[in-house]
Undergrad: 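Pasting in a structure now, in structure tokens, and then I'll have a few things to ask.
Below, read A as the first sequence line, B as the second, and so on, with proteins coming before strands; counting in each chain starts at 1.
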Amino acid sequence: MGDFIRDIIDGDLEANRQQKVITRFPPEPNGFLHIGHAKSICLNFGLALEYREKLPDSGTRCHLRFDDTDPTKEDTLFEDGIQEDVRWLGFNWDDLYHASDYFEKMYEYGEHLITQGKAYVCSLTDAEIKEYRGSVTAAGKNSPHRERSVEENLDLLRRMRKGEFKDGEHVLRAKIDMSNANMKMRDPLLYRIRHTAHHMTGDTWCIYPMYDYAHPISDAIEGITHSICTLEFENNRELYDWVIDNLIEYAKFPSRPRQYEFARLNLNYTVMSKRRLLELVEGKHVSGWDDPRLPTIAGMRRRGYTPEAIRAFCASVGVAKANSTVDMAQLEFHIRDDLNQKAPRVLSVLKPIKVVIDNYPDAQVEELDASYWPHDIPKEGSRKVPFCKEIYIEQDDFMLEPPKDYYRLSPGKEVRLRYAYCITCTDVIKDNDDNVVEVHCTYDPETKGANPVGRKVKGTIHWVSAKHAIDAEIRLYDRLLSEESPPTGKESEFLNAINPQALQVLTGCKLEPSLAVAKPGESFQFERQGYFVVDIKDSKPGNLVFNRIVTLKDSWARSQKK
RNA sequence: UGGGGCGUCGCCAAGUGGUAAGGCACCUGGUUUUGGUCCAGGCACUCCGAGGUUCGAAUCCUUGCGCCCCAGCCA
């Protein structure tokens, strides 16, 4: 399984440009991780795992580094969440760092750049800086402070650090080229003044480095060999190289990292941007960052997605440079593929309708043996399910006037009750509005665990004993949006695309009694319905709450749609 | 109108001059006490378009076209 990044690494190793591979996952602790981050996590940590195997004892590793250079947005709370998510995905960082660990070094390098004539303190206002920068088609013009002496620059920077100026009064800038075709190279800002406490460094600093300055330095200090980021940073690479090239001799970095960019993950029927996720959460359109409708790691965890499935999905989408949007069906495939092997089968009726088996002895109860696994899953284990005269079946499994190829229950027709008997519908009871409220059947005692002789019964449906069933709340989750891609329009327009069916709460669902002891986070396949997980937050013994992880593929439903 | 990228099946994605991998989705059929799984088969004479080079091109050249990113004291 190769991709252009692995090709580059292989090339570096073969040419002996590198003897090891050191990567890093560098989230900013200002929000929660989503599946797009999962792709990056799998790439960066996966690379370290793979190459450590090929190059044992080489020092190959992957760091988790919090890119905490903007104290106005970042928080320890987010760091905790991020660490939990990375670990849950199944990865362990070899070292944990903060960009803020290097603030002192970065400052020192800033002074060095000044002494080299490569940086200067600029005192233009916010608006002036923007104006002087020019545009994509027009060159910018030099700041009037561009030729300040080294002494003046040093003095100003030191006083900036001491806190002698207000926010925005001065900035430190790289002296590069105000007419560069690459906007990122037009004397980019290196430091800005922020009289704001930092969650790691407290009030030690009132000047903070910008991403384009902090990132290459952090990478170089940590000995990162391959600094992998997303496509939108392609323009920043030239600046990344500039920073390192102008500091590497002085700083004696342990590596000369190179930045490579890959396409970020996009998924249809959902939103991935921090801004939109935040809007959903703060606007109470979802219950929180871990709402199972969200593509956040926390949301997917609560939804019942497994780390293995998410990793397999990330591996399946590949790593390339073309902007792309992966079909949600591909993610769902991997969820089912994983759960098929892991989730024991049980019987649950979501939308019950009562069935009375008229010729079954009134007080009789049979304990039927039911395997947790289908014949094709090589696992052992079974439980007893009680069977008696009154049971519940799924409303969808009964039809008064069925289409020709419907092979569930309908008047005069026979179906198999999974693990139990074949029953034939003999009568229905309707309410005043003509709705079927009860179905009457007879059973064939000869069909217990055996096929009827002389006839074929095509359909098998699930059921649960009315007397023994336990009640539960079941939350049916579906795709967040009802449209493939959110409206491109500005503002909150995407909110209109929210799928009203993304969450459907069902109460009074009937579960087989063995589920009474199901533990939070435990997942099951409810036969013929889908995969469900006991909600980790709201489920309580005696008050069970299940989340639907994903439905089973349903070729019947699909054929009916046509 | 500047610069940086990208364009291969409905969606991802291999391919790097030798005659279009694979996965998802979809369609057929088989197995089946889950209309699940599994199994067998189908699904790009064509690689954004047009020229050209070559015995031979998705791969090289030329030239169009389309899409994404860059003008935060965000990352």
Undergrad: State yes or no: are the ring centers of A/Phe532 and A/Phe546 separated by less than 6.0 Å?
TA: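 No, the ring centres sit 6.0 Å or more apart.
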Undergrad: Pick base, sugar-phosphate or nothing for A/Tyr407, based on heavy-atom distances below 4.0 Å to the nucleic acid.
TA: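 A/Tyr407: base contact, heavy atoms under 4.0 Å.
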Undergrad: From NZ of A/Lys184 over to C1' of B/rG72, roughly how many Å is that when rounded to an integer?
TA: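 Between C1' of B/rG72 and NZ of A/Lys184: 8 Å.
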Undergrad: Any salt bridge (Lys or Arg N to Asp or Glu O under 4.0 Å) involving residues 319-334 of chain A? Give me the pairs, sequence neighbours left out, ordered by first then second residue.
TA: A/Glu234-A/Lys321, A/Glu261-A/Lys321, A/Glu332-A/Arg479
Undergrad: Atom CZ of A/Phe313 and atom P of B/rA13: how far apart are they, to the nearest Å?
TA: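 It is 11 Å, rounded to the nearest whole Å.
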Undergrad: Take the angle between the ring planes of A/Tyr107 and A/Trp205 and call it parallel below 30°, perpendicular above 60°, tilted in between.
TA: tilted
Undergrad: Taking atom C1' in both B/rC12 and B/rG51, what distance in whole Å separates the two?
TA: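 B/rC12 and B/rG51 have their C1' atoms separated by 32 Å.
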Undergrad: Which listed nucleotide (B/rG4, B/rA13, B/rG3) is nearest to the side chain of A/Glu234?
TA: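 Nearest nucleotide to the side chain: B/rG4.
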Undergrad: Looking only at side-chain N and O atoms, does A/Thr69 come under 4.0 Å of OP1 or OP2 in B/rA75?
TA: yes
Undergrad: Counting any heavy atom closer than 4.0 Å, what does A/Leu189 reach on the DNA or RNA strands: base, sugar-phosphate only, or nothing?
TA: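 Touches a base.
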Undergrad: Could you measure between the two P atoms, the one in B/rG49 and the one in B/rC11, and give it in whole Å?
TA: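 After rounding to an integer number of Å, I get 15 Å for this pair.
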Undergrad: Counting only distance, no hydrogens or angles, is the base of B/rU34 paired donor-acceptor with the side chain of A/Arg528 under 3.5 Å?
TA: no
Undergrad: Does B/rG2 have OP1 or OP2 sitting under 4.0 Å from an N or O in the side chain of A/Ser135?
TA: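 A/Ser135 to B/rG2 OP1/OP2: no side-chain N or O under 4.0 Å.
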Undergrad: Provide, to the nearest angstrom, the distance between the CG atom belonging to A/Asp68 and the P atom belonging to B/rC74.
TA: 15 Å
Undergrad: Provide the distance between the two C1' atoms, one in B/rU59 and one in B/rA20, to the nearest whole Å.
TA: 11 Å
Undergrad: When all nucleic acid strands are considered with a 4.0 Å heavy-atom cut-off, which category describes A/Tyr419: base, sugar-phosphate, or nothing?
TA: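 Base contact.
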Undergrad: A/Tyr407: what forms a side chain to side chain donor-acceptor pair (under 3.5 Å) with it, not counting sequence neighbours?
TA: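 Counting only residues at least two positions away or on another chain, A/Tyr407 forms no side chain to side chain donor-acceptor pair (under 3.5 Å).
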Undergrad: Going by purine N1 to pyrimidine N3 plus the second Watson-Crick contact, or the G-U wobble pair, all under 3.5 Å, which nucleotide sits opposite B/rC6?
TA: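 Answer to the pairing question: B/rG66, which forms a Watson-Crick or G-U pair with B/rC6.
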Undergrad: Base, sugar-phosphate or nothing for A/Asn268? Non-hydrogen atoms, less than 4.0 Å.
TA: nothing
Undergrad: Whole Å only: how far is the CG atom of A/Asn182 from the C1' atom of B/rG3?
TA: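 Taking CG of A/Asn182 and C1' of B/rG3, I get 7 Å after rounding.
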Undergrad: May I have the distance from A/Asp187 (atom CG) to B/rC70 (atom C1'), rounded to whole angstrom?
TA: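 About 16 Å, once rounded to whole Å.
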Undergrad: Tell me whether the centres of the aromatic rings in A/His198 and A/Phe103 are closer together than 6.0 Å.
TA: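 Yes, ring centres under 6.0 Å apart.
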Undergrad: Considering only NZ, NE, NH1 and NH2 on the basic side and carboxylate oxygens on the acidic side, decide whether A/Arg24 and A/Glu222 come within less than 4.0 Å.
TA: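 No, this pair does not count.
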Undergrad: With a 3.5 angstrom cut-off on both distances, give the Watson-Crick or G-U wobble partner of B/rA75, or none if there isn't one.
TA: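 For B/rA75, the partner nucleotide comes out as none, under the 3.5 Å rule.
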Undergrad: Within the structure shown, what part of the strands sits under 4.0 Å from A/Asp70 by heavy-atom distance: base, sugar-phosphate, or nothing?
TA: sugar-phosphate
Undergrad: Quickly work out the A/Asp7 CG to B/rA13 C1' distance and round it to whole Å.
TA: 14 Å
Undergrad: With a non-hydrogen cut-off below 4.0 angstrom, is A/Ile461 in contact with a base, only sugar-phosphate, or nothing?
TA: nothing
Undergrad: Counting only side-chain N and O atoms of A/Lys73, is one of them less than 4.0 Å from OP1 or OP2 of B/rA75?
TA: no
Undergrad: Look at all strands and tell whether A/Arg345 reaches a base, only sugar-phosphate, or nothing, counting heavy atoms closer than 4.0 Å.
TA: base
Undergrad: Give the ring-plane orientation class for A/Phe32 versus A/Phe78, where under 30° counts as parallel, over 60° as perpendicular and anything between as tilted.
TA: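 Rings of A/Phe32 and A/Phe78: perpendicular, as their planes differ by over 60°.
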Undergrad: Would you indicate which nucleotide in B/rA75, B/rU37, B/rC73 comes nearest to any side-chain atom of A/Lys553?
TA: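 The answer is B/rU37, which lies nearest to the side chain.
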Undergrad: What's A/Ser324 touching, base or sugar-phosphate or nothing? Going by heavy atoms closer than 4.0 Å.
TA: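 Sugar-phosphate: the residue A/Ser324, judged by heavy atoms under 4.0 Å, touches backbone atoms but no base.
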Undergrad: Has A/Arg133 got a side-chain N or O lying under 4.0 Å from the OP1 or OP2 atom of B/rC73?
TA: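 The answer is yes; a side-chain N or O of A/Arg133 sits under 4.0 Å from OP1 or OP2.
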Undergrad: Quickly work out the A/Lys274 NZ to B/rG72 P distance and round it to whole Å.
TA: 19 Å
Undergrad: Would A/Trp556 count as stacking on B/rG35 if stacking means ring centres less than 5.5 angstrom apart and planes tilted under 30 degrees?
TA: yes
Undergrad: Would you mind telling me which of B/rA75, B/rU33, B/rG36 lies closest to the side-chain atoms of A/Arg416?
TA: B/rU33
Undergrad: Measuring only the P atom in each nucleotide, how far is B/rG52 from B/rC47? A whole number of Å is fine.
TA: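 Pairwise P distance, B/rG52 against B/rC47, rounds to 16 Å.
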Undergrad: Look at the rings of A/His334 and A/Phe313 and say which category their plane angle falls in: under 30° parallel, 30 to 60° tilted, over 60° perpendicular.
TA: perpendicular
Undergrad: Let me know, please, whether A/Val136 or A/Gln525 comes out on the 5' side of the other along RNA chain B by nearest nucleotide.
TA: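 Its nearest nucleotide being more 5', the pick is A/Val136.
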Undergrad: Taking the side chain of A/Ala320 as its heavy atoms from C-beta onward, which of B/rC74, B/rA25, B/rA14 lies nearest to it?
TA: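 Within the option list, the nearest is B/rA14.
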Undergrad: Under a 3.5 Å limit for both distances, which nucleotide forms a Watson-Crick or G-U wobble pair with B/rC38, could you say?
TA: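 Per the H-bond distance test, B/rG30.
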Undergrad: Distance between the P atoms of B/rA57 and B/rC48, in whole angstroms?
TA: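 Pairwise P distance, B/rA57 against B/rC48, rounds to 15 Å.
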Undergrad: Taking all atoms of both residues into account, what is the closest heavy-atom pair of A/Leu267 and A/Leu331, and its distance?
TA: CD1-CD1, 4.1 Å
Undergrad: Between B/rG72 and A/Arg275, is there an OP1 or OP2 to side-chain N/O distance shorter than 4.0 Å?
TA: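 So the side-chain polar atoms of A/Arg275 never come under 4.0 Å of the phosphate oxygens OP1 or OP2 of B/rG72.
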Undergrad: When you check the glycosidic angle of B/rG72, does it come out syn, meaning within 90° of 0, or anti?
TA: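 Nucleotide B/rG72 adopts syn.
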Undergrad: Could you tell me whether the side chain of A/Asp376 has a donor or acceptor atom within less than 3.5 Å of a complementary atom in the base of B/rG36?
TA: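 Yes.
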Undergrad: Any idea which of B/rC69, B/rC11, B/rC24 is nearest the A/Phe333 side chain?
TA: B/rC24
Undergrad: Taking atom P in both B/rG18 and B/rG56, compute the distance separating them and give it to the nearest angstrom.
TA: 15 Å
Undergrad: Which is true for A/Asn323 with a 4.0 Å heavy-atom rule: it touches a base, it touches only sugar-phosphate, or it touches nothing?
TA: sugar-phosphate
Undergrad: When rounded to the nearest Å, what value does the distance between P atoms of B/rC6 and B/rA14 take?
TA: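 Comparing P positions in B/rC6 and B/rA14 gives a spacing of 12 Å.
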Undergrad: Does A/Gln529 or A/Asn340 map to a spot on RNA chain B nearer the 5' end, using the closest nucleotide for each?
TA: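 By nearest-heavy-atom nucleotide position, the 5'-most residue is A/Gln529.
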Undergrad: Could you check whether A/Val319 gets within reach of a base, just the sugar-phosphate, or nothing at all, counting any heavy atom under 4.0 Å?
TA: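 Answer is sugar-phosphate: A/Val319 comes under 4.0 Å of backbone atoms only.
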Undergrad: Any side-chain N or O of A/Arg336 below 4.0 angstrom from OP1/OP2 of B/rC38?
TA: no
Undergrad: Round to a whole Å and report the spacing from CG of A/Asp369 to C1' of B/rU33.
TA: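 In whole Å, B/rU33 C1' and A/Asp369 CG are 14 Å from each other.
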Undergrad: Mind checking the P distance from B/rC9 to B/rG5? Whole angstroms is fine.
TA: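 To the nearest whole Å, 23 Å.
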Undergrad: Under 4.0 angstrom, heavy atoms only, what part of the nucleic acid is A/Asp405 near: base, sugar-phosphate, or nothing?
TA: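 Base contact - A/Asp405 has a heavy atom under 4.0 Å of at least one base atom.
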Undergrad: Give A/Thr325 one of three labels, base, sugar-phosphate or nothing, depending on what nucleic acid heavy atoms sit under 4.0 Å from its own.
TA: sugar-phosphate
Undergrad: Please determine whether any donor N or O and acceptor N or O are separated by less than 3.5 Å between the side chain of A/Asn235 and the base of B/rG3.
TA: yes
Undergrad: Any strand is fair game: report the nucleotide pairing with B/rC55 by Watson-Crick or G-U wobble, both distances under 3.5 Å, or none.
TA: B/rG18
Undergrad: Give one of base, sugar-phosphate or nothing for A/Thr125, where a contact means two heavy atoms less than 4.0 Å apart.
TA: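 The residue A/Thr125 makes base contact.
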Undergrad: Determine whether the aromatic ring centres of residues A/Phe233 and A/Tyr240 are separated by less than 6.0 angstrom.
TA: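 Not under 6.0 Å, so no.
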Undergrad: Determine the contact category for A/His375: base if any of its heavy atoms lies under 4.0 Å from a base atom, sugar-phosphate if only primed atoms, P, OP1 or OP2 are that close, otherwise nothing.
TA: base
